[in-house]
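Each remark here refers to the structure printed beneath this line.
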Amino acid sequence: MVKRTYAILGTGALGGFYGAKLQKSGLEVHYLLKSDYQQVRENGLIIESKDGDFTLPQVNAYNNVEKMPQCDVVIVSLKTTQNQLLRDLLPPIVKDNGTVLVLQNGLDIEAEVAEIVRNVSIIGGLCFLCSNKVAPGHIHHLDYGQIALGEYTSNYQSIGITQKMREVTADFENAGISIEPLEDLLLGRWKKLVWNIPYNGLSVILDARTDELMADIHTRQLVENLMWEVAAGAKSTGRIIPESFIQTMLDYTVKMKPYRTSMKIDFDECRPLEIEAIFGNPFRKAEAAGVTLQQIRCLYQQLKFLDLRMRK
Ligand SMILES: NC(=O)C1=CN([C@@H]2O[C@H](COP(=O)(O)OP(=O)(O)OC[C@H]3O[C@@H](n4cnc5c(N)ncnc54)[C@H](OP(=O)(O)O)[C@@H]3O)[C@@H](O)[C@H]2O)C=CC1
Ligand SMILES: CC(C)(CO)C(=O)C(=O)O
């Protein structure tokens with residue numbers, strides 16, 4: 001059986017973790033890095049994980065896509081705030097008839113990728129992962145790790161489980177990563193936003209962890225109202241999020257270890273926030289379908305203010 005080759009575009013908390021797991025399972029993986037390049041080229045990757053720590057002393061590290069080989073599957077794992085770079089980064093490294101696997105949070109990113117590369121399959125993956133980069137080349141995997149993935153088609157029409165999805169699923173399963181194929185990527189993306197929109201947004205605006213947001217009756221109500229508004233956004237694009245799913249997300253978060261969301265970590269570290277992909281694209285998509293997501297737009301406006309002030 002021919003083994004697929006993988007490229008990791010952005011070797012941080014998520015890309016470093018999944019890339020290392022794939023490499024450990026025996027696949028050839030090529031990593032694009034920026035500030036960690038020298039360290040990782042010389043010393044490899046350290047993965048500290050709740051499922052077992054491991055190190056990869058030698059990895060294929062690059063600081064320039066032009067030096068990377070073309071790969072069967074390219075994993076997009078930059079922050080979405082860097083996606084303007086994809087126009088230059090993606091075309092040189094994805095094989096003709098290859099696959100781009102977008103593992104970022106947010107909505108409509110696959111549509112942006114489809115504008116950049118032709119004759120490739122684009123798959124979106126929703127990652128239920130709690131991972132942080134704690135030092136150059138050093139990833140701390142705290143919890144979870146499962147992925148749900150679906151293939152993108154023009155306008156997010158649902159196309160069921162494709163051959164490319166089966167191939168990626170097999171590689172990830174073989175690497176010990178739990179992965180679930182989805183019939184409908186757009187529904188999957190909206191469902192992930194049921195979590196990301198309230199918790200990422202409120203954690204920054206209210207300076208709070210998930211457990212604090214759930215312990216207070218007022219903020220818990222705010223979270224729930226926002227979840228319902230995400231469901232209204234999904235409905236505006238023809239996707240139904242069942243009431244039981246919202247309850248499941250609330251219960252899931254109550255049971256979670258107290259968690260500082262990825263957006264809160266970015267804010268505390270003065271890094272740009274993924275506001276457009278997680279908040280802007282959803283309310284604009286709903287607005288284009290004639291539905292106003294008032295509370296989400298309100299979060300968006302506050303986050304834009306905070307992001308700009310932080311960067312000043
Ligand atoms: N971390 C998690 O647990 C989860 C993350 N996600 C999503 O995954 C995506 C990635 O997040 P995460 O891994 O946490 O982010 P990180 O910031 O940890 O990783 C992004 C990496 O991209 C690198 N990078 C940035 N610009 C370039 C460039 N020009 N060339 C090469 N490398 C570059 C950064 O390097 P440098 O540090 O040098 O800038 C960094 O290591 C986001 O969309 C996030 O929302 C989704 C679910 C869970
Ligand atoms: C849902 C969660 C916590 C893990 O996937 C996440 O996406 C985040 O922190 O941004």
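These figures come from a predicted structure and were not determined experimentally. Numbering of ligands and ligand atoms starts at 1, following listing order. Residue indices begin at 1 and follow the sequence shown.
- Nearest protein heavy-atom neighbour of atom 4 (C) of ligand 2: Leu129 O, 2.9 Å.
- Side-chain contact of Asn225 with Gln221: a donor-acceptor pair under 3.5 Å is present, judged by distance alone.
- Among pairs with a residue in residues 33-44, those fulfilling salt bridge (charged side-chain N to carboxylate O under 4.0 Å, His left out) read Asp36-Lys133, at least two apart in sequence or across chains.
- Residue-level proximity to ligand 2 for Tyr259 is carried by the side chain, the only part with a heavy atom below 4.0 angstrom.
- Nearest heavy-atom pair across Leu89 and Ile93 is O-CG1, 3.4 Å.
- Within ligand 2, counting atoms from 1 as listed, the ones closer than 4.0 Å to a heavy atom of Asn200 are 10 (O).
- Atom 6 (C) of ligand 2 has Asn196 ND2, 3.6 Å as its closest protein atom, hydrogens excluded (heavy atom only).
- Residue Cys127 has at least one heavy-atom neighbour below 4.0 Å for each of these atoms of ligand 2: 5 (O).
- Within the 4.5 Å cutoff, the side chain of Asp307 has heavy atoms near those of the Met310 side chain.
- A donor-acceptor contact closer than 3.5 angstrom is absent between the side chains of Asn83 and Glu276.
- Counting only residues at least two apart or in different chains, side-chain hydrogen bond (donor to acceptor under 3.5 Å, both in side chains) contacts with residues 170-188 comprise Arg4-Asp171, Tyr6-Asp171, Asp184-Arg239.
- A centroid separation of less than 6.0 Å is found between the aromatic rings of Tyr252 and Tyr144.
- Closer than 4.0 angstrom to ligand 1 lie heavy atoms from Gly10, Thr11, Gly12, Ala13, Leu14, Leu32, Leu33, Lys34, Ser35, Ser77, Leu78, Lys79, Gln82, Leu85, Leu103, Gln104, Asn105, Cys127, Leu129, Cys130, Ser131, Lys133, Lys192, Glu274.
- Both the sub-6.0 Å distance and the 45° axial angle are satisfied by Lys192 relative to the ring of Phe128.
- Of all protein heavy atoms, the one closest to atom 8 (C) of ligand 2 is Ser262 OG, 3.4 Å.
- At a heavy-atom distance under 4.0 Å, only side-chain atoms of Lys192, from C-beta outward, approach ligand 2.
- Of the protein's heavy atoms, Trp195 CZ3, 3.9 Å lies nearest to atom 2 (C) of ligand 2.
- Ionic pairing of Asp266 and Lys79 is present here: one or more N-O contacts between side-chain nitrogen and carboxylate oxygen are shorter than 4.0 angstrom.
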Enumerate, atom names and distances included, each donor-acceptor pair closer than 3.5 Å involving a side-chain atom of residues 111-124, sequence neighbours excluded.
unit_1, atom_1, unit_2, atom_2, d
Arg118, NH1, Ala114, O, 2.6
Asn119, ND2, Asp96, OD1, 2.6
Asn119, ND2, Asp96, OD2, 3.2

